[in-house]
Amino acid sequence: MSYTITSKQLLFTLISSMLGVGILSLPRVTAEAVGQDAWLAVILGGIIPFVSIWLSNKVVSRHPGLSFAAITEMLAGKWAGKLLSAAFVIYSIIASAAILRVFTEVITMFLLPRTPILVKIMLGLAVSAYMTSSGIKVLGRLNEFLFYVLLPPLFLSIPAVVKFADLHYLMPVLNNSLTDYSKAAFTTGFAYSGFETIIVFAPYVLKKKETLKAAVMALIITITIYLYAVITTITVFGSELTQMFTWPALRLLSVSEIPVLERMEFVAIIAWIGVAIRPASNQYFCAGLIIKDVFGIKSLSKVVALLYPIIAAIAWYPKNISIAIRLSDFVGMYSLILGTALPLLLLGLSLIRGKGRARDEKNT
Amino acid sequence: MKKTHRYILLFLAIIINALFLSGCWDQRELDELVVPFIIGYDYANEEEKEQPDDRYLISAGFPVFYEDTLKKYHVDITSGSLDGEVINRRNTHFGEQIIQGQLQIVVLGEELISNENIMELTDILSRNPAVKGAIPMAVSAGRAADMLNAPVKQYPNPGIYIQMLIKNIRRTNFFPTCSLFESNRHIISNHTAPLLPYIVQKDGNIMFAGSCLLNEGKRIEHLDREETEIAVMLRGIRSRGMITFDVIEDNKIIDQVTFEGMNKRKVDVKKDGDRYIFNILIKLSGRLFERKKNEPVIDHKDFIKLSQKSLEDLIRKRAEDFVAKVQEEYGFDALELGMEIKGHSREKLSKEDIDKIIQESEINVEVKVQIENAGGKI
């Protein structure tokens with residue numbers, strides 16, 4: 001592994017992988033599940049990513065110096081390892097396509113309604129491909145830089161909150177059953193999808209000891225931003241009205257006007273384009289890197305070029321917005337399953353192999 | 001890869017990007033655009049219908065930017081069975097492309113809003129992300145189309161005039177404003193009747209004449225100026241305004257003054273068994289704006305106190321009358337208590353439940369007036 005990233009870059013890379021298009025619809029999906037307790041669903045939704053991060057870090061720290069593809073092959077054997085890598089690659093390709101498609105839908109609705117979807121997909125993906133082909137170091141730096149671009153659009157909702165927010169919309173607290181909360185935690189899957197990329201990025205972190213801390217911090221920052229988005233939206237719209245908007249977090253910006261800027265949602269979207277492209281790029285990178293490692297291809301750019309038409313085709317496939325949303329829901333579920341089952345399996349194999357090796361050494 | 005190859009690839013990428021520049025598809029010439037800033041909704045009369053099935057008449061006020069034209073303001077009136085059809089038909093007799101993003105105000109005809117749900121009428125606006133949620137709405141006495149065409153003396157057109165009037169009314173009078181988003185929030189999230197300003201044409205002027213309560217999205221009641229002021233205070237719609245009243249001491253009128261200030265509301269909710277008890281506190285704070293008797297305020301040591309007490313009694317009396325009317329006559333939430341009720345109940349309450357609670361609950365009103373100063377004259 002010739003390239004490395006700092007733990008700080010890992011932190012921003014993980015935030016970038018999670019925080020993208022999911023935030024715009026998160027208030028709606030959580031409000032549909034548990035009404036005014038949507039904020040609780042956001043917190044509960046963070047439990048699975050937390051477990052996944054812990055497991056992934058355990059796996060990676062037990063095999064220092066090995067990439068994800070090398071770890072799977074070493075633990076599961078050559079062919080089974082390749083299969084596990086393939087499962088991750090397929091997920092990353094679909095996730096990248098789904099994120100890109102949802103991103104395109106937002107752009108279509110707010111900025112470029114007449115531009116063909118395919119053109120927007122190809123252009124967005126071209127940016128992602130360029131970011132991805134530059135390697136993990138550049139990706140890490142871009143993720144860090146673009147994180148700061150996200151902050152100003154978040155604060156644009158403050159005038160609406162100051163003018164219209166009412167805490168009564170969060171009451172009564174804890175008014176749903178345990179089953180509802182569990183379901184709600186799963187509905188946040190798409191918003192948190194991206195946490196599983198830690199297993200791919202962690203082996204490249206310079207100071208291994210800081211990996212877990214950085215990853216947990218990334219999750220906490222993501223949860224905080226999600227909480228802000230959900231609470232502000234629900235306290236302004238109420239949980240019922242929130243459920244009626246496709247992108248409630250964006251709609252929030254249109255309810256108040258501030259002088260000069262006037263239409264803040266358009267300002268936010270322009271800034272947000274840079275933010276939303278990051279998770280697609282990170283997933284694209286993961287797919288490319290794993291393929292490169294599995295097949296021993298020297299150039300990442302070639303793999304990126306090869307993946308470009310595949311991701312574009314998948315992103316273009318949904319015929320309408322509801323199919324695109326279903327695709328993103330599928331990605332959310334896939335990420336929860338993959339993000340927990342894969343590191344759990346690898347850790348199990350690692351423990352078994354570790355015990356076996358210890359026994360062999362003892363016998364010798 | 002050689003360096004020259006990289007440059008060639010980069011050059012090709014730039015060329016492809018330039019060809020695919022997405023702006024090309026969405027580019028629009030400014031000269032070819034028209035921006036309506038006021039629209040009015042009415043029922044279409046028989047003679048106004050373009051097709052027999054047409055139901056609605058939508059008027060749109062446009063500024064005219066061409067130099068050599070007779071008028072600088074044009075009102076287009078088109079009928080259709082739905083808003084979308086009206087827009088579509090409008091395009092057949094309009095040279096320019098219509099852009100809805102700069103829409104500033106929506107006026108609803110009285111007859112139409114008495115029979116049709118405001119959420120269904122304005123669905124096209126709520127659905128269109130180009131239209132801001134902060135767009136204010138008003139109900140017009142008579143037809144909205146007439147209001148949009150009314151000549152206004154001191155303004156270039158009625159559109160600008162109505163917009164200015166609505167924008168500033170909450171800063172000068174205890175009058176409500178209600179935006180598209182607020183109206184939707186009242187109906188969907190709070191199960192409360194939105195309170196929309198009511199405008200009339202009088203002596204060649206367009207002016208406010210109270211407000212309208214829209215139960216279940218339809219106009220049900222018209223409130224006069226005095227009731228509107230009280231409704232604004234009871235609902236906690238923050239505004240500023242003036243109230244002229246008599247100062248009473250020992251049941252005798254000793255003076256007449258004008259109060260200028262702002263209002264706030266605080267609601268305390270209690271439950272006695274299944275019965276709700278609401279204690280609404282209206283807070284008014286401001287200054288003594290005018291006094292009829294030309295005497296120093298400090299001459300009467302209790303004058304400020306008496307003024308406060310007189311205004312408190314006046315507002316309380318009016319508020320209690322309005323609350324009684326809401327409970328006995330209207331029977332729905334006209335006091336913006338729905339949100340409070342839902343916040344204090346663990347059951348999922350429907351609009352009917354909220355209405356029933358409003359009818360059966362105990363609603364007490366307390367008024368607190370704080371006169372901070374008496375202006376620049378002692």
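Chain identifiers are assigned alphabetically (A, B, ...) following the order of the sequence lines, protein sequences preceding nucleic acid strands; residue numbering begins at 1 within each chain.
- Considering only heavy atoms from C-beta on, M119(B) comes within 4.5 Å of M244(A) through its side chain.
- In this structure, S189(B) OG and F237(A) CZ are separated by 9.5 Å, a value rounded to the nearest 0.5 Å.
- Proximity of M171(A) to M339(B): side-chain heavy atoms (C-beta onward) are nowhere separated by under 4.5 Å.
- Annotation: K271(B), atom NZ; neighbour count of heavy atoms from other residues, nucleotides and ligands within 6.0 Å is above 12.
- Residues satisfying the salt bridge (charged side-chain N to carboxylate O under 4.0 Å, His left out) test with R101(A), not counting sequence neighbours, are E105(A).
- Around the CD atom of E96(B), the shell of radius 6.0 Å holds more than 12 heavy atoms that belong to other residues, nucleotides or ligands.
- Enclosure of atom NZ in K298(A) is not indicated, since only 12 or fewer non-hydrogen atoms of other residues, nucleotides or ligands lie within 6.0 angstrom.
- Counting heavy-atom pairs under 4.5 Å between each of L253(A), V236(A), T242(A), L252(A) and chain B puts V236(A) at the top.
- Both the backbone and the side chain of E340(B) come within contact range of chain A, with heavy atoms under 4.5 Å apart.
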### Chi angles and distances behind the side-chain contact (heavy atoms from CB on, under 4.5 Å) call for R185(B), F164(A)
CA-CA 11 Å; R185(B) 182 168 78 162; F164(A) 297 111; 4.0 Å; yes
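- The two residues F266(A) and P129(B) come nearest to each other via the heavy atoms CZ-O, 4.1 Å.
- Side-chain contact between V119(A) and W25(B) is present, with heavy atoms from C-beta onward closer than 4.5 Å.
- At a heavy-atom cut-off of under 4.5 Å, chain A is reached by no residue from residues 171-180 of chain B.
- The choice from E265(A), M109(A), R251(A) that makes the most heavy-atom pairs within less than 4.5 Å of chain B is R251(A).
- Note that CD1 of I187(B) and CD of E240(A) are 13.0 Å apart. Values are rounded to the nearest 0.5 Å.
- Of the two parts of N128(B), only the backbone, made up of N, CA, C and O, holds a non-hydrogen atom closer than 4.5 Å to a non-hydrogen atom of chain A.
- The 12-atom threshold is not exceeded at OH of Y130(A), counting heavy atoms of other residues, nucleotides or ligands nearer than 6.0 Å.
- The interface of residues 274-283 of chain B with chain A, defined by heavy-atom distances below 4.5 Å, is empty.
- Considering only heavy-atom pairs separated by less than 4.5 Å from chain B, the leading option among L250(A), V173(A), T246(A) is V173(A).
- Closest of all the heavy-atom pairs between F181(B) and L241(A) is O-CD2, 4.2 Å.
- Counting heavy-atom pairs under 4.5 Å between each of A126(A), S256(A), S254(A), G238(A) and chain B puts S254(A) at the top.
- Residue-level contacts of residues 342-356 of chain B with chain A, in order of numbering, are K342(B), G343(B), H344(B), S345(B), R346(B), K348(B); threshold 4.5 Å between heavy atoms.
- F245(A) contributes atom CZ, which lies 6.0 Å from atom CG of N184(B) (distance to the nearest 0.5 angstrom).
- R114(A) places no side-chain N or O within 3.5 Å of a backbone atom of Q27(B) that could act as its donor or acceptor partner.
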